[in-house]
Novice: 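Dumping the structure here so I can ask a few things about it.
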Protein chains: 2
Amino acid sequence: MHIVLANLSAVYSGRGNSILPPYDRMLLIKEDGSVSIHGDKGFKPMNYMVSKTEKTESYTETGELVWTFDSRNESLKVVLHKVYEEITFRSEEGTDPGVSADTTEKDLQSWLAENLTRIDENLSFIEREYQTGDGTVDILAEHSNGALVAIEVKRVAPMGTVGQVLRYTDALKEKIPSRRIEGTIAALEIKDKTRTLAKKKGVSLMELPEDWRESQDSPDAPES
Amino acid sequence: MHIVLANLSAVYSGRGNSILPPYDRMLLIKEDGSVSIHGDKGFKPMNYMVSKTEKTESYTETGELVWTFDSRNESLKVVLHKVYEEITFRSEEGTDPGVSADTTEKDLQSWLAENLTRIDENLSFIEREYQTGDGTVDILAEHSNGALVAIEVKRVAPMGTVGQVLRYTDALKEKIPSRRIEGTIAALEIKDKTRTLAKKKGVSLMELPEDWRESQDSPDAPES
DNA sequence: GGTTCCGTTAGGGTG
DNA sequence: CACCCTAGCGGAACC
């Protein structure tokens with residue numbers, strides 16, 4: 001990975017055409033030949049080349065450094081008016097393991113379905129993935145006070161989760177007007193803003209134990 | 001713009017859930033609160049947060065630095081196992097002028113508006129960006145047979161384009177019941193499935209030349 | 001603010 | 001290799 005902090009301008013030509021006037025930006029060139037120019041906002045680059053590129057170096061009439069990146073049907077010409085800093089960064093160890101899907105939330109959901117009463121003795125499990133009429137709630141349960149409880153399970157519960165639960169409870173009130181409806185957020189980690197908003201909106205919270213994977217209702221049926 | 005070169009791992013939770021095992025990568029934090037983690041290939045980040053985020057600093061039990069980026073509905077937790085280098089880069093001069101681009105479709109649209117009759121001599125241009133009553137059709141034209149023709153311009157026309165055109169023609173039939181209405185897809189590349197569906201639904205097709213940029217109705221008025 | 005639709009869509013899976 | 005569909009789609013324009 002090669003990082004160049006510079007005052008630069010660029011011209012892209014390929015699938016479309018674009019011009020980038022001079023300004024201070026970051027030019028990022030990776031091992032695989034992908035190139036991107038990052039400005040000071042957004043996670044997306046202002047210009048980029050996605051595929052393997054061939055880099056050629058040249059100079060303008062005024063002596064400014066020019067890097068041209070060519071691939072089969074595209075080309076990106078970058079004029080480096082002034083280079084502030086240049087860094088090469090490369091890992092010594094093997095290859096990047098890459099991103100992998102986190103199934104924690106689904107695992108947590110099935111775990112909670114089976115351990116619900118132990119977490120809150122007033123609750124009894126009814127159904128998973130219940131259709132509310134406005135989205136699917138993770139767990140539908142029944143409170144000893146007679147209310148139906150919509151439980152949204154999250155690993156981390158940001159503020160938006162409160163709104164999500166309210167949509168479910170609203171839909172359930174419409175769908176099953178005969179029952180009292182309550183909403184609950186069950187999560188390993190609940191953000192402070194979520195706590196505040198939940199309290200205000202009447203959504204209850206259920207903090208799940210960090211060691212939930214080791215904690216079970218019926219650990220192992222005893223051998224007879 | 002804040003660049004951190006580090007051995008890091010991350011957990012994302014929000015629209016999806018994913019985990020990123022430890023490896024050497026670049027963490028990029030911009031002024032606007034967007035965050036991205038770049039590996040050694042591709043121009044796309046391995047993980048990112050698009051919107052304004054709030055950064056909080058904490059430590060693991062083993063004393064490793066943790067940066068958590070929270071937004072309304074998402075959270076990205078980055079554990080910095082080892083920081084190799086940290087750079088802050090900010091331009092002194094004003095604001096970035098930004099990229100100016102010929103987006104292919106808009107370009108293609110205006111080109112076709114001016115070259116329509118040459119592509120199909122039975123058609124004459126009426127209007128661009130015409131409001132059908134159910135969306136805006138790219139070009140409205142008139143066929144020599146008297147029909148109004150709704151032309152949807154695309155660089156690549158996937159199957160869904162047929163439905164899009166049908167919505168426009170349906171809306172036009174309602175809006176202008178006195179006229180016969182036809183629908184056309186004009187594209188550089190038309191997928192086979194699109195062809196099949198278009199034929200079945202009575203939508204006609206117009207394949208545009210790959211070298212359209214060089215092809216003009218009145219190339220240049222000859223000097224006298 | 002919600003919805004629709006484009007993107008230099010990119011990238012993965014399948015035939 | 002081509003074609004298909006999906007995306008943590010993002011972002012912009014329009015309603």
Novice: For A/Asn17, answer base if it contacts any base atom (sugar-phosphate contacts may also be present), sugar-phosphate if it contacts only those atoms, and nothing otherwise; contact means non-hydrogen atoms under 4.0 Å.
Specialist: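 No contact.
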Novice: Tell me the interatomic distance from B/Asp138, atom CG, to C/dC5, atom P, rounded to whole angstroms.
Specialist: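 Those two atoms, CG and P, are 11 Å apart.
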Novice: Reckon B/Gln109 touches a base, only the sugar-phosphate, or nothing at all at heavy-atom distances under 4.0 Å?
Specialist: nothing
Novice: Please list residues of residues 18-25 of chain A whose heavy atoms come under 4.0 Å from any atom in DNA chain D, ordered by number; otherwise none.
Specialist: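 Heavy-atom contacts with DNA chain D come from no residue of residues 18-25 of chain A; none.
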Novice: 5'-most contact on DNA chain D: B/Lys191 or B/Tyr12, nearest heavy atom basis?
Specialist: B/Lys191
Novice: Would you kindly give the CG-to-C1' distance between B/Leu188 and C/dC6, to the nearest whole Å?
Specialist: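 That distance rounds to 15 Å.
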Novice: Quick check for you: to the nearest 0.5 Å, what is the distance between A/Ile151 atom CD1 and A/Leu112 atom CG?
Specialist: 5.5 Å
Novice: With sequence neighbours left out, write down each residue that passes side-chain hydrogen bond (donor to acceptor under 3.5 Å, both in side chains) with B/Thr88, or none if nothing qualifies.
Specialist: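 Result, side-chain hydrogen bond (donor to acceptor under 3.5 Å, both in side chains) vs B/Thr88: B/His2.
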Novice: Return the value, rounded to whole Å, for the distance between atom CD of B/Glu129 and atom P of C/dC6.
Specialist: 10 Å
Novice: Could you pull out all residues at least two apart from B/Asp32 that satisfy side chain to side chain contact (heavy atoms under 4.5 Å, CB included)?
Specialist: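 B/Asp32 satisfies side chain to side chain contact (heavy atoms under 4.5 Å, CB included) with A/Lys41, B/Lys30, B/Ser34, B/Lys52 only.
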Novice: Tell me, please, which residues at least two apart from A/Glu105 pass salt bridge (charged side-chain N to carboxylate O under 4.0 Å, His left out).
Specialist: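 For A/Glu105 there are no salt bridge (charged side-chain N to carboxylate O under 4.0 Å, His left out) partners, ignoring immediate neighbours.
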Novice: Which pairs with one or both residues in residues 176-186 of chain B pass salt bridge (Lys or Arg N to Asp or Glu O under 4.0 Å), sequence neighbours excluded?
Specialist: B/Glu142-B/Arg179, B/Arg180-B/Glu182
Novice: Scan nucleotides 10-15 of chain D nucleotide by nucleotide, 5' to 3', and note B when protein non-hydrogen atoms come under 4.0 Å of the base, S if they reach only the sugar-phosphate, - if neither.
Specialist: SS---S
Novice: Could you tell me how far D/dA7 sits from C/dC6 if I compare only their C1' atoms? Round to whole Å.
Specialist: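 One C1' to the other, the span is 15 Å.
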Novice: Quickly work out the B/Glu189 CD to C/dT8 P distance and round it to whole Å.
Specialist: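 That distance rounds to 16 Å.
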Novice: Applying ring-ring contact (aromatic ring centres under 6.0 Å, His included), which residue pairs with at least one partner in residues 11-55 of chain B are found, sequence neighbours left out?
Specialist: A/His38-B/His38, A/Phe43-B/Tyr48, A/Tyr48-B/Phe43
Novice: Can you tell me how far P of C/dG11 sits from CE of A/Met49, to the nearest Å?
Specialist: 13 Å
Novice: On a whole-Å scale, what distance lies between the C1' atoms belonging to C/dG11 and C/dG7?
Specialist: 14 Å
Novice: Tell me the ring-ring contact (aromatic ring centres under 6.0 Å, His included) pairs involving residues 193-212 of chain A, sequence neighbours left out?
Specialist: A/Trp111-A/Trp212
Novice: Just to verify, what does B/Asp102 make a side chain to side chain contact (heavy atoms under 4.5 Å, CB included) with, not counting sequence neighbours?
Specialist: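 Once residues adjacent in sequence are excluded, the partners of B/Asp102 under the side chain to side chain contact (heavy atoms under 4.5 Å, CB included) criterion are A/Asn17, B/Asp107, B/Arg213.
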Novice: Identify each atom pair where a protein N or O and an N or O of nucleotides 1-3 of chain C are less than 3.5 Å apart, giving names and distance.
Specialist:
none

Novice: Partners of A/Phe89 by ring-ring contact (aromatic ring centres under 6.0 Å, His included), sequence neighbours excluded?
Specialist: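 Here the qualifying residues are B/Tyr84.
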Novice: Salt bridge (charged side-chain N to carboxylate O under 4.0 Å, His left out) with A/Asp138: which residues, sequence neighbours excluded?
Specialist: none
Novice: Checking all strands, does A/Phe69 fall into the base, sugar-phosphate, or nothing category for heavy-atom contacts under 4.0 angstrom?
Specialist: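 No contact.
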Novice: Would you mind reading off the distance between B/Gln164 atom CD and C/dT4 atom P, rounded to a whole angstrom?
Specialist: 12 Å
Novice: Any side-chain heavy atom of B/Met26 within less than 4.5 Å of one from B/Ile37?
Specialist: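 Result no, sub-4.5 Å side-chain heavy-atom pair not found.
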Novice: When the distance from CE of A/Met46 to P of C/dG7 is rounded to whole Å, what number comes out?
Specialist: 18 Å
Novice: Which nucleotide sits closest to the side chain of B/Lys193: C/dC5, C/dC6, D/dC4?
Specialist: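 Of the candidates, D/dC4 comes closest.
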Novice: Given atom CD of B/Glu105 and atom C1' of C/dT4, what is their separation to the nearest angstrom?
Specialist: 13 Å
Novice: Look only at the side chain of A/Thr103 and the backbone of A/Lys106, and say whether a donor-acceptor pair between them is shorter than 3.5 Å.
Specialist: no
